Amino acid sequence: MEVDLIFQIAGIGIIVAVMNVLLSRSGREEQALMITIAGLVVVLMMVVKEIAELFQTVKTVFGI
């Protein structure tokens with residue numbers, strides 16, 4: 001499960017990087033920036049979900 005998350009984040013990073021380069025070279029810097037921000041938001045949402053699950057597990061283990 002943990003390795004899948006790492007591969008998903010790496011895949012999103014590669015896709016965003018390629019799209020960023022393509023858009024920047026075609027003169028569409030604004031769209032490239034929006035793609036980068038969207039990729040960052042998607043990855044942050046994935047990480048926040050995992051951190052929430054971690055906190056829930058910690059609460060369960062310590063009986064809080």
Side-chain angles (χ1 to χ4, degrees):
M1 174 77 178
E2 297 86 19
V3 178
D4 292 339
L5 180 65
I6 293 171
F7 285 142
Q8 287 176 353
I9 291 172
I12 292 171
I14 291 169
I15 291 170
V16 167
V18 168
M19 291 178 68
N20 191 353
V21 169
L22 289 174
L23 288 170
S24 293
R25 293 216 176 158
S26 67
R28 298 180 178 177
E29 286 80 18
E30 293 85 14
Q31 285 89 358
L33 179 63
M34 293 305 290
I35 291 290
T36 303
I37 292 171
L40 180 64
V41 168
V42 168
V43 169
L44 285 176
M45 293 301 291
M46 293 168 62
V47 171
V48 165
K49 185 174 79 171
E50 293 297 321
I51 290 173
E53 185 177 319
L54 171 68
F55 284 151
Q56 194 69 313
T57 304
V58 169
K59 286 170 69 175
T60 304
V61 167
F62 291 111
I64 299 175

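Quick note: residue numbers are just sequence positions, from 1. Computed from a prediction, not measured in an experiment: that's the story for all the values here.
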### Query
Under 4.5 Å between side-chain heavy atoms, hopping through other hydrophobics if needed: is there a path connecting Val41 to Ile15?
no
### Task
Please check if Leu22 and Leu40 belong to a single hydrophobic cluster, counting links between Ile, Leu, Val, Met, Phe, Trp and Tyr side chain heavy atoms closer than 4.5 Å.
no
### Task
Taking all non-hydrogen atoms of both residues into account, name the closest pair between Val16 and Gly39 and its distance.
CG2-CA, 3.9 Å
### Task
Check Leu5, Ile6, Ile12 against Ile9 for a side chain to side chain contact (heavy atoms under 4.5 Å, CB included) and give me the one that passes.
Leu5
### Message
Show me the pairs that pass side chain to side chain donor-acceptor pair (under 3.5 Å) and involve residues 29-47, at least two apart or across chains.
### Response
Asn20-Thr36
### Task
Check the hydrophobic clustering (I, L, V, M, F, W, Y; side-chain heavy atoms under 4.5 Å; chains of links allowed) and say if Met19 and Leu33 are grouped together.
no
### Query
Are more than 12 heavy atoms from other residues, nucleotides or ligands located less than 6.0 Å from atom CE of Met46?
yes
### Query
Do the side chains of Val18 and Ile37 join up, straight or via other hydrophobic residues, at under 4.5 Å, putting them in one cluster?
no
### Task
Show your reasoning for whether side chain to side chain contact (heavy atoms under 4.5 Å, CB included) applies to Gln56 and Glu53.
CA-CA 5 Å; Gln56 194 69 313; Glu53 185 177 319; 5.6 Å; no
